[in-house]
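Labels below follow one simple rule: chain letters A, B, ... track the order of the sequence lines, proteins then strands, and each chain is numbered from 1. Side chains included, hydrogens not; waters and symmetry mates left out as well; all remaining heavy atoms used.
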There are 2 protein chains.
Amino acid sequence: MSSHIQHSTNAPNLLKSHGLRVTEGRVEILSYFLNDNHALSHTYLEEKCKKSQDRVTIYRALYAFLEKGLIHKVLDEGGAAKYALCSTCSDTVHHHDHVHFKCDTCGQTYCLDTVQVPKLVLPQGYKIKETGILIQGVCDKCSK
Amino acid sequence: MSSHIQHSTNAPNLLKSHGLRVTEGRVEILSYFLNDNHALSHTYLEEKCKKSQDRVTIYRALYAFLEKGLIHKVLDEGGAAKYALCSTCSDTVHHHDHVHFKCDTCGQTYCLDTVQVPKLVLPQGYKIKETGILIQGVCDKCSK
DNA sequence: GTTTATGCAAATTCTTTGCAATACT
DNA sequence: AGTATTGCAAAGAATTTGCATAAAC
C-alpha cells in the first residue's frame with residue numbers, strides 16, 4: 001500500500017528526469033507502469049484512462065516515453081504491441097536484449113531482466129547488434 | 001538457372017503434397033518463396049503479383065499456406081509480418097523454434113535453421129513452451 | 001509569453017468478411 | 001458436378017496527422 005503511494009509519487013520525478021513535461025495524463029499512464037510488473041498494451045491503457053484522456057493522447061504519451069527511453073516496446077507472437085518500463089536501462093545506456101515472457105494462460109507479458117541473453121554463434125559473416133527473445137509458456141503465478 | 005526452373009516446377013507438387021489446390025496464383029506466390037531464401041512480406045508479394053492477383057487473394061493464399069504448414073510467420077522488431085518456408089518442418093512435425101535474423105542494412109529477414117536455440121534457465125515456476133529469437137544486425141552479404 | 005500537450009475529426013494503413021462468378025479436381 | 005478459390009466491394013481495427021484550444025514551464 002505504501003509502495004503504491006511511493007510509486008505514484010515517483011511518476012512526476014521520472015518524467016522530469018527524462019526531459020518530459022509533467023501532465024496529469026502522463027502521470028496517470030506512467031503510474032500504471034510503475035504499479036504493474038508486466039507490459040501494458042495501448043488497449044489496456046485506453047480502458048484504464050477511459051474518461052480521463054483520449055486514445056490519441058495515449059498514443060502520443062507512449063511515443064514520447066519511448067523516445068526518451070522511459071519504456072520499450074514488446075511484441076507478442078502475434079505482433080501485438082505492449083510497452084514496458086526500461087527498469088535496467090539508465091538514462092543514457094539502452095540495451096534491449098531483454099528476455100520477454102508471454103504467458104499463454106493469463107496473457108501477460110513479463111520482462112525477465114534477470115535472465116541472461118545467451119551468446120549465439122551465427123554462420124560466417126553475420127554480425128549481431130541486438131537479440132530479442134520471446135518465450136511463450138506458463139508464468140510462475142499460473143503454474144501454481 | 002536450372003535451379004530456378006526446378007524450383008518453379010516444384011511448386012505444384014508442394015501444393016499438392018500439402019493438400020492445397022493448385023492454382024495459378026498459388027503457384028506464383030509459392031515460387032517466390034522457393035526462389036528466395038529470405039522471408040517475404042505481404043506487401044512484397046502484392047508488388048510482385050500486381051497485375052496477376054488481388055491483394056485479398058494473397059492474404060488468403062498466405063493463410064492457406066500457414067494452415068497447411070507450408071510457411072510460418074516471422075515478425076520483425078517493428079511487428080511487421082513476413083512469411084518464410086518451413087524448410088526444416090516435415091508435413092506432420094512443426095517446430096517454430098527458429099532463429100530469425102533481420103539485417104539492418106538490406107532489411108531482409110532470414111531463417112537461420114542451422115542455429116540451435118539455446119536452453120534458457122528461467123526463474124522458478126516459469127514453464128517454456130516455445131522460444132522465438134529475433135536477431136538484428138548485418139547479414140553475410142551486407143558485411144562483405 | 002513561449003513552447004509543448006491535448007482533444008476532436010479525419011485520413012491512412014493493414015487485415016478481414018460477404019458474396020457472386022470462376023477455376024480446380 | 002461438386003467444392004474450393006478468386007475478385008471486388010465494403011467493413012473493421014490500429015495507428016497517424018492536422019489544427020485550434022488548453023496547459024506546462
Side-chain angles (χ1 to χ4, degrees), chain A residues 11-33 39-83 107 109, chain B residues 9 11-32 39-83 107 109:
Chain A
N13 296 327
L14 254 179
L15 289 170
K16 272 180 214 155
S17 69
H18 285 262
L20 290 160
R21 283 201 180 177
V22 179
T23 70
E24 227 181 289
R26 288 176 176 182
V27 169
E28 181 183 3
I29 293 173
L30 185 49
S31 297
Y32 294 130
F33 281 107
L40 308 180
S41 66
H42 178 271
T43 307
Y44 171 83
L45 291 168
E46 197 181 322
E47 195 60 33
K48 297 287 272 184
C49 302
K50 208 183 269 294
K51 293 284 158 60
S52 54
Q53 56 190 311
D54 194 81
R55 192 183 282 104
V56 176
T57 304
I58 299 171
Y59 277 114
R60 288 194 266 223
L62 289 172
Y63 181 79
F65 291 4
L66 277 174
E67 241 196 341
K68 301 293 182 176
L70 196 48
I71 61 175
H72 63 278
K73 206 177 193 175
V74 189
L75 296 163
D76 73 11
E77 75 291 353
K82 292 187 181 181
Y83 304 86
T109 302
Chain B
T9 313
N13 297 327
L14 254 180
L15 289 169
K16 272 179 212 153
S17 69
H18 285 262
L20 290 159
R21 282 202 179 176
V22 180
T23 68
E24 227 182 288
R26 287 178 177 179
V27 170
E28 181 183 5
I29 293 173
L30 186 48
S31 296
Y32 294 130
L40 308 180
S41 67
H42 177 273
T43 308
Y44 171 83
L45 290 168
E46 198 181 322
E47 195 61 33
K48 298 285 272 186
C49 304
K50 209 184 270 291
K51 294 283 158 62
S52 54
Q53 55 190 311
D54 194 80
R55 193 184 282 104
V56 176
T57 305
I58 299 171
Y59 276 114
R60 288 195 267 225
L62 290 172
Y63 182 79
F65 291 4
L66 278 175
E67 241 196 342
K68 302 292 183 180
L70 198 47
I71 60 175
H72 63 278
K73 206 177 193 174
V74 190
L75 295 165
D76 74 9
E77 77 290 352
K82 292 188 180 181
Y83 304 86
T109 302

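If you walk DNA chain D from 5' to 3' and mark each nucleotide with an atom closer than 4.0 Å to a heavy atom of chain A, the marks span D:dA14 to D:dC25. Interface limits on DNA chain C: the 5'-most and 3'-most nucleotides within less than 4.0 Å of chain B heavy atoms are C:dC14 to C:dT25.
B:Leu75 approaches A:Gly78 most closely through the heavy-atom pair CD1-C, 3.8 Å.
At the heavy-atom level, B:Arg60 lies under 4.0 Å from base atoms of the strands shown.
Applying the ring pair (Phe, Tyr, Trp, His ring centres under 6.0 Å) criterion to A:Tyr44, with sequence neighbours excluded, gives no partner residue. Every residue was checked against the side chain to side chain donor-acceptor pair (under 3.5 Å) condition with B:Ser41, not counting sequence neighbours, and none meets it. Taking B:Ser52 as the reference, B:Glu28 meet the side chain to side chain donor-acceptor pair (under 3.5 Å) condition, with sequence neighbours excluded. Taking A:Tyr59 as the reference, A:His42 meet the ring pair (Phe, Tyr, Trp, His ring centres under 6.0 Å) condition, with sequence neighbours excluded. Scanning for side-chain contact (heavy atoms from CB on, under 4.5 Å) contacts around A:Leu30 gives A:Ala11, A:Leu14, A:Leu15, A:Phe33, A:Leu34, A:Phe65, A:Leu70, A:Leu85, with sequence neighbours left out. The side chain to side chain donor-acceptor pair (under 3.5 Å) test applied to B:Glu47 returns B:Lys50, not counting sequence neighbours. Every residue meeting the salt bridge (charged side-chain N to carboxylate O under 4.0 Å, His left out) condition with B:Arg55, not counting sequence neighbours, appears here in chain and number order: B:Glu46.
Rotation axes derived from the C1' atoms of the five outermost pairs at either end of the helix from C:dG1-D:dC25 to C:dT25-D:dA1 lie 40° apart, to the nearest 10°.
Contact of the B:Leu40 side chain with the B:Lys48 side chain is not registered, since no non-hydrogen atoms from C-beta on lie closer than 4.5 Å.
Nearer the 5' end of DNA chain C, as judged by each residue's closest nucleotide, is the contact made by B:His42, out of B:His42 and B:Leu20.
Considering CD1 of A:Ile29 and CD1 of A:Ile58, their distance stands at 5.0 Å, rounded to 0.5 Å. With values rounded to the nearest 0.5 angstrom, B:Thr57 atom OG1 is found 12.0 Å from B:Glu24 atom CD. Expressed to the nearest 0.5 Å, how far CD of A:Glu67 lies from CZ of A:Arg60 amounts to 13.5 Å.
Applying the salt bridge (Lys or Arg N to Asp or Glu O under 4.0 Å) rule to pairs touching residues 74-83 of chain A yields A:Asp76-A:Lys102, A:Glu77-A:Lys102, sequence neighbours excluded.
Residues from residues 51-59 of chain A lying near DNA chain D, meaning a heavy-atom separation below 4.0 Å, are A:Arg55, A:Val56, A:Tyr59 in numerical order.
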